[in-house]
Amino acid sequence: DNFAHRTAVRHALANDKDWQEKFIATALPLMEKQQNEVAYLVPWCQLGKPPKEGGVYEWVTFQMKPGGPALWGEAFRAAINAHINTGYTRLIGVFHTEYGLLNTVHVLWWNESPDHRAAGRHSAHEDARVVAAVRDSVRFLESQQNMLLIPLQCSPLK
């Protein structure tokens, strides 16, 4: 809910013997590194839901140039909206870092399948509205990484 809530939850986990013995003791030897980040949903985006169970998610991380949303926010938002307007994908959320590597924006998309995503992306690359919006926002881009996420049955995003 907020930083105080996060602190309370972390404190409770640190004092939870079950958590320490059953999870941390097992997981820690398997970890090479850990990266923590605190990000928030951007003010112009509502957290969405997929239209149905199943499908796949695409987690896209954009490292933007220093200056924050005051510099690149409108161009970035226009690029996101251009993709939404094509209808080939569903936006779940746009998140901006508060702690961690600053000027990082994560976008979570939902698609029916990897093939549906690939076909939609190909169509978007031929859509003049998307091309123009991306061209305007890419001048603020340092790097981009896309990951395909396939939820497990235990995931609330399945």
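In this text the structure is predicted, and so the values were computed from the model without any measurement.
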Inset, instruction - Please examine the side chains of Pro50 and Arg90, heavy atoms only from C-beta on, and report whether any two atoms are closer than 4.5 Å. - result: no
Legend entry - Heavy-atom donor-acceptor pair, Gln63 side chain to Leu102 backbone, under 3.5 Å: yes
Inset, instruction - Rounded to the nearest 0.5 Å, what's the gap from NE2 on His83 to CZ on Arg129? Could you check? - result: 11.0 Å
Inset, instruction - Please answer: with hydrophobic residues joined when any side-chain heavy atoms are less than 4.5 Å apart, are Val134 and Val60 in the same cluster? - result: no
Inset, instruction - Check for a donor-acceptor pair, side chain of Ser123 on one end and backbone N or O of Ala119 on the other, with a separation under 3.5 Å. - result: yes
Inset, instruction - Go through the steps to decide whether Thr97 and Asn103 satisfy the test side chain to side chain contact (heavy atoms under 4.5 Å, CB included), and finish with yes or no. - result: CA-CA 7 Å; Thr97 54; Asn103 297 301; 6.0 Å; no
Legend entry - Inter-residue atom distance Trp109.CH2 - Leu91.CG, 0.5 Å rounding: 5.0 Å
Legend entry - Minimum heavy-atom distance between Ser137 and Ala75, given as atom pair plus value: CB-O, 3.4 Å
Inset, instruction - Verify whether the ring centers belonging to Phe76 and Phe140 lie closer than 6.0 Å. - result: no
Inset, instruction - Say whether Leu47 and Trp44 are linked into one hydrophobic cluster, either directly or through other cluster members, by side-chain heavy-atom distances under 4.5 angstrom. - result: no
Inset, instruction - Would you check if the side chain of Ser113 reaches a backbone N or O of His116 as a donor-acceptor pair within less than 3.5 Å? - result: yes
Inset, instruction - Give the cluster check for Ile84 versus Leu108: same hydrophobic cluster or not, with ILVMFWY residues linked at side-chain heavy-atom distances below 4.5 Å. - result: no
Legend entry - Heavy atoms from other residues, nucleotides or ligands near NE2 of His125 exceed 12 (cutoff 6.0 Å): yes
Legend entry - Note, Ile80 side chain near Val107 side chain (heavy atom, < 4.5 Å): yes
Inset, instruction - May I ask you to test the Trp59-Leu148 pair for a side-chain heavy-atom distance under 4.5 Å? - result: no
Inset, instruction - State yes or no: are the ring centers of Trp72 and His96 separated by less than 6.0 Å? - result: yes
Legend entry - Check against side chain to side chain contact (heavy atoms under 4.5 Å, CB included), Lys49 and Ile92: CA-CA 6 Å; Lys49 292 186 178 186; Ile92 301 299; 5.6 Å; no
Legend entry - Joint hydrophobic cluster, Val131 plus Val138, side-chain heavy atoms closer than 4.5 Å: no
Inset, instruction - Indicate, with yes or no, if Leu71 and Met64 share a hydrophobic cluster defined by side-chain heavy-atom contacts under 4.5 Å among Ile, Leu, Val, Met, Phe, Trp and Tyr. - result: yes
Legend entry - Spacing of CD belonging to Glu74 relative to CG belonging to Asn81, to within rounding of 0.5 Å: 9.5 Å
Legend entry - Heavy-atom side-chain contact between Thr61 and Gln144 under 4.5 Å: no
Inset, instruction - Provide the closest heavy-atom pair for Gly93 versus Cys45 in the form atom of the first, atom of the second, distance. - result: CA-SG, 3.8 Å
Inset, instruction - Return yes if some donor-acceptor pair links the side-chain N/O of Trp110 with the main-chain N/O of Gly54 below 3.5 Å, else return no. - result: yes
Legend entry - Euclidean distance, Phe62 CZ relative to Ser143 OG, rounded to 0.5 Å: 10.0 Å
Legend entry - Steps toward side chain to side chain donor-acceptor pair (under 3.5 Å) verdict (Asp18, Gln20): CA-CA 5 Å; Asp18 250 11; Gln20 295 297 324; over 6 Å; no
Inset, instruction - Report the C-alpha distance between Val105 and Val94 in whole Å, list the side-chain angles of each, state the deciding distance to 0.1 Å, and finish with yes or no for side chain to side chain contact (heavy atoms under 4.5 Å, CB included). - result: CA-CA 7 Å; Val105 182; Val94 179; 3.7 Å; yes
Legend entry - Test item: Gln145 and Met147 side chains (from C-beta on) under 4.5 Å apart, heavy atoms: yes
Legend entry - Lys65 (side chain) donor-acceptor with Arg139 (main chain) under 3.5 angstrom: yes
Legend entry - Rounded distance [0.5 Å steps], OG1 in Thr89 versus CG in Asn111: 3.5 Å
Legend entry - Salt-bridge present (Arg117, Glu112; N to O < 4.0 Å): no
Inset, instruction - For Glu98, look at atom CD and say whether over 12 heavy atoms of other residues, nucleotides or ligands are found less than 6.0 Å away. - result: yes
Inset, instruction - Please check if the side chain of Asn15 supplies one atom and the backbone of His11 the other of a donor-acceptor pair under 3.5 Å. - result: yes
Legend entry - Aromatic contact, Tyr99 with Tyr40 (centres under 6.0 Å): no
Legend entry - Ala133 versus Ala78, closest heavy-atom pair with distance: CB-O, 3.8 Å
Inset, instruction - Would you give the length of the straight line joining atom CG of Asn2 to atom OG1 of Thr7, rounded to the nearest 0.5 angstrom? - result: 8.5 Å
